[in-house]
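For the numbers below, each heavy atom of this structure counts, side chains included, while hydrogens, waters and symmetry mates do not.
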Amino acid sequence: MVAEVIAIGSEMLFADRIDSNSLYTSAQLERFGISLIAKTVVGDDLTMIRKALALALTRADFIFLTGGLGPTEDDLTRQAVSEQLGLELVYHPEIVRQIESRFQSLGRSMPEINRRQGFILETAQALENSEGTAPGQYVQFEGRNIFLLPGPPRELQPMFQKYVIPLIEQLGLRPRSFRYFRIAGLPESRVDSLVAPIYRQYPDIQSTILASPGDIELFFFAENDARLAELAEKVTAELGDNIYATEEISLEAAIARLIKERGVTLSVAESCTGGMVGEWITRTPGSSEFFLGGVVAYSNSLKIDLLGVPPEMLRDQGAVSEEAAKAMADGARRRTGSSYALSITGVAGPGGGSESKPVGTVFIGCSHAGRTIAARFQFPGNREVVRLLSTRAALNLLRKELQMTNVEVRMTNEE
């Protein structure tokens with residue numbers, strides 16, 4: 001069984017957009033032994049969408065069209081599939097009533113154009129969208145399984161779990177045994193160089209690696225669970241504390257869990273990331289239980305006034321330095337009363353670098369009752385990539401400090 005993803009939307013063709021839906025879809029399908037063989041990104045063009053679908057029908061058992069299900073004139077997925085398959089679009093007033101109810105729950109009136117979202121292919125099953133207004137659709141056509149799914153990941157992923165996976169299982173496919181690892185602090189090439197000698201010893205086990213800046217996902221699939229457990233044990237020993245999860249959760253969610261287990265609190269002091277660490281931390285539900293807040297201190301004057309960084313330190317060592325990162329972390333912990341504090345200061349670029357501190361130089365500090373540390377990093381890429389990698393690195397540093405403290409507390413208790 002093979003699959004293809006057709007990502008639809010002119011915005012997906014912009015240089016700064018990443019089609020994360022295809023990565024998510026691929027990972028979910030691998031569990032059933034369905035391989036993603038192709039991915040196409042097309043703009044909001046009726047002819048191009050039809051051509052992409054026509055090609056996919058010649059080579060894929062499962063076809064996923066993502067995006068283009070909105071109510072506006074340029075949302076053409078429904079029409080393109082209707083024309084290509086020769087299936088009529090049928091109006092479903094009950095779907096429109098559901099959309100109206102969603103608007104009413106938000107204290108708004110539904111625009112008339114949203115009625116377009118009530119049209120479903122004549123032989124299709126409508127898939128309820130619990131996170132948005134665009135219903136998905138599932139249709140079987142000449143032995144092919146075709147899914148029309150919303151573009152926003154926050155809408156697509158719940159729909160996939162609630163409807164797509166059960167529909168795949170109804171076709172007689174069963175998920176294989178798998179092991180999952182999520183890794184921070186190592187680039188993709190380094191992870192693969194460490195684990196490739198291990199998984200090559202197991203030709204009966206399929207491996208998949210998914211990479212995004214500063215974050216790696218490893219999947220291993222097999223029919224034999226004992227062999228899978230044996231491989232997983234070796235991978236765990238090789239990667240050690242670079243593994244932050246063996247379930248599909250984000251780094252910030254894993255840290256939130258650690259912090260809650262420890263019963264501690266957190267604050268942040270950020271310069272070059274401009275509040276990104278705080279934003280990531282607060283993505284996690286329940287973060288208000290432990291996150292006290294933070295300071296975005298770009299200027300030296302704010303570092304001095306709000307965080308208590310000594311002026312002579314900034315004069316002698318510079319704002320981008322190990323000493324400044326430590327002082328910022330200490331200051332944030334002292335001023336907020338938090339158990340732990342993170343700090344980031346660096347040169348995100350494109351200007352501001354020097355021979356000793358080129359663009360991409362970042363110092364990350366972490367302060368808690370046991371100690372205050374700072375680490376230097378040299379990140380590649382443009383300004384946004386440096387900020388992203390800095391945020392992940394800071395959270396990973398905090399994770400390791402939390403885990404190390406747990407070990408120290410446990411050892412003390414045992415003594």
For S250 and A253, indicate whether the former's side chain and the latter's backbone hold a donor-acceptor pair under 3.5 Å. yes
Where do L89 and I120 land on the side chain to side chain contact (heavy atoms under 4.5 Å, CB included) test, with the steps shown first? CA-CA 5 Å; L89 285 168; I120 304 295; 5.9 Å; no
Between S287 and T282, does any side-chain donor sit less than 3.5 Å from a side-chain acceptor? no
Compute the centroid of each ring, for Y24 and then for F160, and state whether the two points are separated by less than 6.0 Å. yes
The test is side chain to side chain contact (heavy atoms under 4.5 Å, CB included); show your working for V81 and F141 and say whether it passes. CA-CA 11 Å; V81 177; F141 181 81; over 6 Å; no
If I compare all heavy atoms of D44 with all of S10, which pair ends up nearest, and what's the gap? N-OG, 3.0 Å
Do other residues, nucleotides or ligands put more than 12 heavy atoms under 6.0 Å from E88 CD? no
Would you give the length of the straight line joining atom CG of L395 to atom CD1 of I255, rounded to the nearest 0.5 angstrom? 4.0 Å
Does T25 use its side chain to pair, donor to acceptor, with the backbone of S22 at less than 3.5 Å? no
Nearest-0.5 Å distance that lies between atom CD1 in I34 and atom CZ in R176: 9.5 Å
Quick test of your reading: applying ring-ring contact (aromatic ring centres under 6.0 Å, His included), list the pairs with at least one residue in residues 69-114, sequence neighbours left out, ordered by first then second residue. Y91-F119
For the side chain of S271 and the backbone of I344, is there at least one donor-acceptor N/O pair under 3.5 Å apart? no
Between C366 and L398 the two heavy atoms that sit nearest each other are SG-CD1, 4.3 Å
Tell me if the CD atom of E73 is crowded by more than 12 foreign heavy atoms within 6.0 Å. no
Under 4.0 Å between a side-chain nitrogen and a carboxylate oxygen: does that hold for R182 and E247? no
Approximate separation, where rounding is to 0.5 Å, of T123 OG1 and Y138 OH: 10.0 Å
Donor-acceptor pair, R154 side chain versus E131 backbone, under 3.5 Å? yes
Over all atoms of both residues, closest heavy-atom pair of A3 and L29: CB-CD1, 3.6 Å
Hey, are the side chains of D241 and I243 touching, using non-hydrogen atoms and a 4.5 Å cut-off? no
Criterion side chain to side chain donor-acceptor pair (under 3.5 Å) on Q140 and R144, from CA distance to verdict: CA-CA 6 Å; Q140 291 182 312; R144 304 294 190 255; over 6 Å; no
Going by atom types alone, do Q117 and R78 pair a side-chain donor with an acceptor below 3.5 Å? no
Looking only at atom types and distance, does a side-chain atom of E4 sit under 3.5 Å from a main-chain N or O of A38, one as donor and one as acceptor? no
Any donor-acceptor pair under 3.5 Å linking the side chain of S338 with the backbone of Y340? yes
Residues R179, E233; criterion salt bridge (Lys or Arg N to Asp or Glu O under 4.0 Å); working and verdict: CA-CA 10 Å; R179 294 294 188 276; E233 185 177 348; over 6 Å; no
Between P158 and S130, the two heavy atoms sitting closest are CB-OG, 4.3 Å
F178 and F220: CA distance, side-chain angles, deciding distance, side chain to side chain contact (heavy atoms under 4.5 Å, CB included) verdict: CA-CA 5 Å; F178 78 99; F220 296 102; over 6 Å; no
Rounded to the nearest 0.5 Å, how far apart are CG of L85 and CZ of R50? 9.0 Å
Verify, without hydrogens or angle tests, whether K39 (side chain) and V5 (backbone) share a donor-acceptor contact under 3.5 angstrom. no
side-chain hydrogen bond (donor to acceptor under 3.5 Å, both in side chains) against N21, all qualifying residues, sequence neighbours excluded: none
Are side-chain N/O atoms of Y298 and E270 paired as donor and acceptor at under 3.5 Å? no
How long is the gap from CE on M328 to CD on E323, to the nearest 0.5 Å? 13.5 Å
For the side chain of S267 and the backbone of G337, is there at least one donor-acceptor N/O pair under 3.5 Å apart? no
With a 4.0 Å cut-off, would you call R387 and E384 a salt bridge? yes
So, for P187 and I216, which heavy atoms are closest and what is the spacing to 0.1 Å? C-CD1, 4.3 Å
Answer yes or no: is there a side-chain heavy-atom contact under 4.5 Å between I63 and F147? no
Heavy atoms only: give me the nearest I183-D215 pair and the separation to one decimal. O-OD1, 3.3 Å
Counting neighbours of NZ on K234 that are heavy atoms of other residues, nucleotides or ligands and sit closer than 6.0 Å, is the number greater than 12? yes
T72 versus D75, side-chain donor and acceptor atoms under 3.5 Å: yes
Can you see whether Q28 engages Q157 through a side-chain donor-acceptor pair at a distance of less than 3.5 angstrom? no
Is there a donor-acceptor contact under 3.5 Å linking the side chains of R333 and S367? yes
Between the main-chain N or O of K326 and the side-chain N or O of T372, is there a donor-acceptor pair closer than 3.5 Å? no
Set out, in order, the CA-CA distance, both residues' side-chain angles and the distance that settles side chain to side chain contact (heavy atoms under 4.5 Å, CB included) for R376 and E322, then state yes or no. CA-CA 7 Å; R376 176 173 177 155; E322 177 181 345; over 6 Å; no
Expected output: side-chain R399 to main-chain A254 donor-acceptor under 3.5 Å: no
Do N224 and Y202 get their side chains close enough for a donor-acceptor pair, meaning under 3.5 Å? no
Spacing of E252 atom CD and E279 atom CD [to the nearest 0.5 Å]: 8.5 Å
Indicate whether any N or O donor in one side chain lies under 3.5 Å from an N or O acceptor in the other, for S101 and Q98. no
